[in-house]
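Chain identifiers are assigned alphabetically (A, B, ...) following the order of the sequence lines, protein sequences preceding nucleic acid strands; residue numbering begins at 1 within each chain.
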Protein chains: 2
Amino acid sequence: MQKQKGVSLWRQISDRIRANIAAGLYDASGMLPAETMLAQEFGVNRHTVRAALAALAQEGIVRASQGRGTMIERRDKFDFPIGKRTRFTEGIGDQARDLKGVLLSAQLEPGSSEVRHRLGLEPGDIVVKLDGMRLADGRAVSRSTMWFPCDRFTGIDVAFSETGSITKALARFGIDDYLREYTEISAVHAEPEDVASLELTPGAIVLVTHALNTDTAGRPIQYAITRFPADRVQFTIRS
Amino acid sequence: MQKQKGVSLWRQISDRIRANIAAGLYDASGMLPAETMLAQEFGVNRHTVRAALAALAQEGIVRASQGRGTMIERRDKFDFPIGKRTRFTEGIGDQARDLKGVLLSAQLEPGSSEVRHRLGLEPGDIVVKLDGMRLADGRAVSRSTMWFPCDRFTGIDVAFSETGSITKALARFGIDDYLREYTEISAVHAEPEDVASLELTPGAIVLVTHALNTDTAGRPIQYAITRFPADRVQFTIRS
DNA sequence: TGTAATTTGTTCGTATGTATT
DNA sequence: CAATACATACGAACAAATTAC
């Protein structure tokens, strides 16, 4: 059963269980299957499963109770839903106790051709650029750079800073509803800036999204590049 | 403008242009903006842009012609669209000349609890497991493990092997249409198996998707775990 | 309330692989 | 190369806590 060389069995199994928890596989009951069941399913001895669960318990991900079973204590990964009506805060609201958006910097600038193209602007148009990050339970889960057309959203930096939410900030500008036009997802190695801002180690993986939001009329209102620590985040696209 | 340490300016710009090409930013014309325009937009000297373009030309991604401009020769990354009607082959059909699906192995097995749960099966039910990979222009772009309920899809291994397409294989079992229920996306470091099968280097990044397809009645027909080389692949979710 | 079934916790033993000395 | 120590993995049995009927 030793698929990987140099990686102990219990480690492989704890990784798979951790991934299953992150994927919401045991959400219905909030409990893991019994050790004997897991052992049978992974095709290993119960002791090996116990070693895997002990490691997860050490991480604080699960908690075992004699006679009762093994409960899920917390998710290791945050699951970001992506869809037409993706809302950052709502999406992971039930996965963290403390969720917080922070504005790092704001400035007006002439958009690059990339940003202008995405927002459907003409050369010479000005955009508002915001830098922000999100913290869930005190840990950084994303770092975003966002651009808004300046003509419609002057002052959105203040609104975002005060509310800590893009949705609420947009509401102040009369945007009750907005749609996610597209989301591109790629993955790269962490850059020095990521290591600093997302509290990563060199060599870590960063998930990068490029996303465009439009109003209900289809006019672009926000283009954002967001960087997520891959070891703490995954995405789910539901149809 | 030197934002990052240790990465030359021309390198940063060539990376951004490569990413823009992958994102389809210049698809309308198939050409890059003039060097002077690019220099202005990135805020650097034209010589720096020329160094960046020379590097991309060396990679075979762009080709410059005197007096004409710089044309896009090929995409560096394949863009996999993800949506309700995601079709592997159709999605990237226009991005590669030669697209090929290969069946590596097939077997019947009692599904693990994870697979059974996803496919909505009972303990003891049997599933068909297929291992396959996709090649685009001779390069590996994905490696999949797929599971089908055995009762409905016995023999799908032969159908997939003969057609090289899941869509066509399913058609032989009376499935004219199917829907992508959800897609989970995460990223991990390449395992030894990835290094071998996807022709990667150790330390490279692998994008991992867990996806479920259902028939039009909503019954699960296929659960798949697919691994993509992150340096050659990105995803786009359109609403 | 009592009893059986379930589930984690613990302790033996045996064998194998890995790293160090 | 050999000896040693340590981690890993499997098997069997039993104890202790909890749940279900």
| Set of side-chain contact (heavy atoms from CB on, under 4.5 Å) partners for A/Asp27, sequence neighbours left out | A/Arg75
Can you list everything that forms a side chain to side chain donor-acceptor pair (under 3.5 Å) with [X]? Sequence neighbours excluded, please.
X        : answer
B/Ser197 : none
B/Asp151 : none
A/Glu41  : B/Ser113

| request: Tell me whether the OP1 or OP2 atom of D/dG11 has a side-chain N or O from A/Asn45 closer than 4.0 Å. | output: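 Yes, because at least one side-chain N or O of A/Asn45 sits under 4.0 Å from OP1 or OP2 of D/dG11.
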| query | For residues 228-239 of chain A, which residue pairs qualify under salt bridge (charged side-chain N to carboxylate O under 4.0 Å, His left out), counting only residues two or more places apart or in two chains? | reply | none
| What does nucleotides 7-19 of chain C look like as a protein-contact string, B for base, S for sugar-phosphate only, - for none, at under 4.0 angstrom between heavy atoms? | BBBBB--------
| task | Can you pull out how bent the helix from C/dG2-D/dC21 to C/dT21-D/dA2 is, comparing the axes over its first five and last five pairs, to 10°? | result |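 Inter-axis angle at the termini of the helix from C/dG2-D/dC21 to C/dT21-D/dA2: 20°.
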| message | Going by ring-ring contact (aromatic ring centres under 6.0 Å, His included), name the residues that satisfy it together with B/Phe173, two or more places apart in sequence or in a different chain. | response | B/Phe153
If you look only at distance, which donor and acceptor atoms sit under 3.5 Å apart when one is on a side chain in residues 63-70 of chain A and the other is two or more places apart or in another chain?
{"from": "A/Arg63", "atom 1": "NE", "to": "A/Glu73", "atom 2": "OE2", "distance (Å)": "3.3"}
{"from": "A/Arg63", "atom 1": "NH2", "to": "A/Glu73", "atom 2": "OE2", "distance (Å)": "3.2"}

| Taking the six-membered ring for Trp, is the centroid-to-centroid distance between A/Phe235 and A/Phe228 below 6.0 Å? | yes
